[in-house]
K.L.:
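Sharing a structure, written as structure tokens. Questions coming.
From a predicted model like this one, the values you see are computed outputs, not experimental measurements. We name chains A, B, ... by the order of the sequence lines, and we start the count at 1 in each one.
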Protein chains: 2
Amino acid sequence: MAHSDTVDRILDAAEELFADRGFSETSLRMITSKAKVNLAAVNYHFGSKNALIHAVFARFLTPFSATLENAFDELEERCDGKPPTLNQTLWALTESAVRMPQRNEKGISIFMRLLGLAYTQSQGHLRKFLEQEYSEPFSRFMRLLKEATPQLSSVDRYWRIQFMLGATAFTMSSSDALRDILQNKLGVETTVQEIAARLVPFLAAGMQAEDAMLIPPAGSRVSVA
Amino acid sequence: MAHSDTVDRILDAAEELFADRGFSETSLRMITSKAKVNLAAVNYHFGSKNALIHAVFARFLTPFSATLENAFDELEERCDGKPPTLNQTLWALTESAVRMPQRNEKGISIFMRLLGLAYTQSQGHLRKFLEQEYSEPFSRFMRLLKEATPQLSSVDRYWRIQFMLGATAFTMSSSDALRDILQNKLGVETTVQEIAARLVPFLAAGMQAEDAMLIPPAGSRVSVA
DNA sequence: GTGCGCTTCAAACGTATGTTTCAAACAGAC
DNA sequence: GTCTGTTTGAAACATACGTTTGAAGCGCAC
């Protein structure tokens with residue numbers, strides 16, 4: 001066979017370990033022993049650890065980016081001419097993520113956690129890779145956001161997009177841990193879909209908040225000893 | 001002198017390097033050479049790398065937590081009896097952070113970036129340390145949030161707090177980079193105080209959004225090939 | 001069978017890490 | 001000065017890492 005399943009076993013193991021522990025904290029030896037393949041297989045099939053990281057991202061980001069393009073196409077077509085609303089735009093993104101075909105039951109949360117790590121764990125090579133490979137759907141999303149919030153100044157919009165990104169990446173990147181805590185504390189089960197359903201209204205409301213007040217409300221002074 | 005300035009030089013260097021590169025990616029040799037002290041000094045004064053990480057956090061978290069307690073005291077006194085509003089609570093937190101005496105001009109953003117890393121870079125020992133040492137102001141903040149948002153269910157509130165935390169930690173943890181981007185793209189200068197001033201209304205609006213809709217709005221279906 | 005790609009394997013390489021060691025330098029008390 | 005406890009210094013230690021090597025194994029055309 002052209003591609004022994006070694007490649008996929010490595011990708012599966014790497015994906016899960018990266019999501020659990022981060023990139024630097026995951027060694028090739030952990031990956032290859034989890035995948036039950038020889039240590040040298042990673043360098044043979046991928047070339048380097050960094051290239052393996054790229055491959056892990058590419059495996060889900062490439063189909064996701066295609067799905068997202070379709071979702072945006074359909075959305076813009078349905079709105080023919082008029083710019084889609086903020087809610088519609090956010091939902092198009094969310095649904096594209098949630099509806100991606102999953103490799104296993106943890107699929108979507110691994111996906112999210114990796115994206116969070118990609119932003120957070122400042123691996124220069126990764127950021128560069130993602131920007132080069134997936135700039136198009138990203139800027140399209142930005143354009144839609146801009147058209148959906150014409151009332152915001154560029155600066156306000158810029159910062160609020162960062163806030164949205166942060167809330168999403170952070171929550172999703174630790175969604176497993178957060179779900180566990182919730183399960184233990186309140187005895188509530190939660191799916192990633194439900195988290196997303198809670199997140200979108202939060203983001204939309206924040207994005208459309210009244211003008212940022214640049215001065216704290218009267219009487220909120222804090223004494224500093 | 002009982003404490004040669006070696007200790008502080010190490011803490012200063014470690015703080016900055018951790019904030020720039022994360023914990024695992026910062027070696028003791030980087031720290032000691034930046035601090036211009038001997039490699040063994042870290043283990044002599046702190047015992048281990050993990051203990052150094054704890055010390056870096058304790059150095060700013062301990063005074064901050066005291067400042068925060070004062071701010072909450074004053075806030076509750078001013079409101080005598082009635083629970084403080086969400087905005088007041090968030091501002092009390094924000095101002096306490098912003099008004100902390102700074103060691104240098106980067107003070108507050110290093111502070112924020114480290115907090116972001118603490119949550120993000122899942123170092124078990126760090127999370128445990130922070131929970132043990134600073135649980136009190138944390139749970140007090142949680143109680144204030146609860147009283148300020150009685151309309152929310154526990155589950156909704158839980159998730160929205162995570163969203164707030166994420167937006168804050170993420171934004172602040174990369175605030176230097178984000179400020180630079182903004183400077184280059186739009187030619188706008190920004191201070192951490194201004195970022196905070198934009199963040200608080202965003203968070204408050206998200207926190208008080210209408211009930212999370214658990215079903216996407218009609219007509220937002222996404223075709224999946 | 002023989003020969004030829006591709007893949008696997010055990011072992012080693014070079015480097016970097018956190019930590020330890022132990023002698024030298026130092027400060028302050030007597 | 002001399003002694004004593006603390007701090008610094010250069011060097012080594014053990015371990016872990018990513019990567020490379022070269023032989024062995026494999027499937028398949030001829």
K.L.:
Looking only at the side chains, is there a donor atom on one of A:Ser24 and B:Glu25 sitting less than 3.5 Å from an acceptor on the other?
P.N.:
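Short answer, yes.
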K.L.:
Please pick, from C:dC9, D:dA10, C:dT17, the nucleotide with the shortest atom-to-atom distance to any side-chain atom of A:Asn38.
P.N.:
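Selected nucleotide (nearest to the side chain): C:dC9.
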K.L.:
So what does the secondary structure string of DNA chain C come out as, 5' to 3', with Watson-Crick or wobble pairs under 3.5 angstrom, [ ] for crossing and | for pairs with another strand?
P.N.:
||||||||||||||||||||||||||||||
K.L.:
Between A:Asp5 (CG) and C:dT8 (C1'), how many Å, whole number?
P.N.:
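One finds 13 Å between C1' of C:dT8 and CG of A:Asp5, rounded.
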K.L.:
With ring centroids as reference points, do B:Phe111 and B:Phe60 lie under 6.0 angstrom apart?
P.N.:
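Yes.
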K.L.:
Provide, to the nearest angstrom, the distance between the CD1 atom belonging to A:Ile53 and the C1' atom belonging to D:dC17.
P.N.:
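Interatomic distance, CD1 of A:Ile53 to C1' of D:dC17: 14 Å.
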K.L.:
For A:Lys49 and D:dA16, what is the distance between atoms NZ and P respectively, to the nearest whole Å?
P.N.:
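Distance, rounded to whole Å: 15 Å.
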K.L.:
Base, sugar-phosphate alone, or nothing: which one does B:Thr26 contact when heavy atoms must sit under 4.0 Å apart?
P.N.:
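Sugar-phosphate only.
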K.L.:
Tell me whether the rings of B:Phe129 and B:His54 are parallel (<30°), tilted (30 to 60°) or perpendicular (>60°).
P.N.:
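Judged by the thresholds at 30° and 60°, the geometry between B:Phe129 and B:His54 is parallel.
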K.L.:
Assign A:Ala40 to base, sugar-phosphate, or nothing according to its heavy-atom contacts below 4.0 angstrom with the strands shown.
P.N.:
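Counting heavy atoms under 4.0 Å across all strands, the contact made by A:Ala40 includes a base.
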K.L.:
Does the pair B:Arg59/B:Asp12 count as a salt bridge with the N-to-O cut at 4.0 Å?
P.N.:
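Answer for the salt bridge query: yes.
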K.L.:
Find the distance B:Arg29:CZ to D:dA11:P and express it as a whole number of Å.
P.N.:
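In whole Å, D:dA11 P and B:Arg29 CZ are 13 Å from each other.
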K.L.:
So that I know where these two stand, are B:Tyr134 and B:Phe64 an aromatic pair - ring centroids less than 6.0 Å apart?
P.N.:
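Not under 6.0 Å, so no.
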K.L.:
Please give, in whole Å, the distance from C:dT15 C1' to B:Met30 CE?
P.N.:
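Between C1' of C:dT15 and CE of B:Met30: 13 Å.
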K.L.:
Could you state the atom-to-atom distance from CD1 of A:Ile31 to P of D:dT19 in whole Å?
P.N.:
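For the pair A:Ile31 CD1 and D:dT19 P, the rounded distance is 11 Å.
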K.L.:
Do the side chains of A:Glu76 and A:Arg143 get close enough for a salt bridge, i.e. N-O under 4.0 angstrom?
P.N.:
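Yes, charged N to carboxylate O under 4.0 Å.
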K.L.:
Would you say C:dC6 has OP1 or OP2 under 4.0 Å from some side-chain N or O of A:His45?
P.N.:
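No, because none of the side-chain N or O atoms of A:His45 sits under 4.0 Å from OP1 or OP2 of C:dC6.
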K.L.:
Distance check: side-chain N/O of A:Ser27 vs OP1/OP2 of D:dC17, anything under 4.0 Å?
P.N.:
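So the side chain of A:Ser27 is within the cut-off, an N or O lying under 4.0 Å from OP1 or OP2 of D:dC17.
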K.L.:
Report yes or no: does B:Arg113 contribute a side-chain atom to a donor-acceptor pair with the main-chain N or O of B:Ala19 at less than 3.5 Å?
P.N.:
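Judged by distance alone, yes, a pair lies under 3.5 Å.
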K.L.:
Starting at the 5' end of DNA chain C, which residue's closest nucleotide do you reach first, A:Tyr44 or A:Leu39?
P.N.:
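The residue closer to the strand's 5' end, by nearest nucleotide, is A:Tyr44.
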K.L.:
With respect to the phosphate group of C:dT7, does any side-chain polar atom (N or O) of A:Thr6 fall under 4.0 Å of OP1 or OP2?
P.N.:
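Looking at the OP1 and OP2 atoms of C:dT7, neither is under 4.0 Å from any side-chain N or O of A:Thr6.
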K.L.:
Just how far, in rounded Å, is P of D:dT15 from CG of B:Leu28?
P.N.:
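The answer, rounded to whole Å, is 18 Å.
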K.L.:
When the distance from CD1 of A:Ile10 to P of D:dG18 is rounded to whole Å, what number comes out?
P.N.:
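Going from A:Ile10 (CD1) to D:dG18 (P), I get 13 Å.
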K.L.:
Taking the minimum atom-to-atom distance to the side chain of B:Asn43, which one of C:dT8, D:dT19, C:dT19 wins?
P.N.:
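For B:Asn43, the side-chain atoms sit closest to C:dT19.
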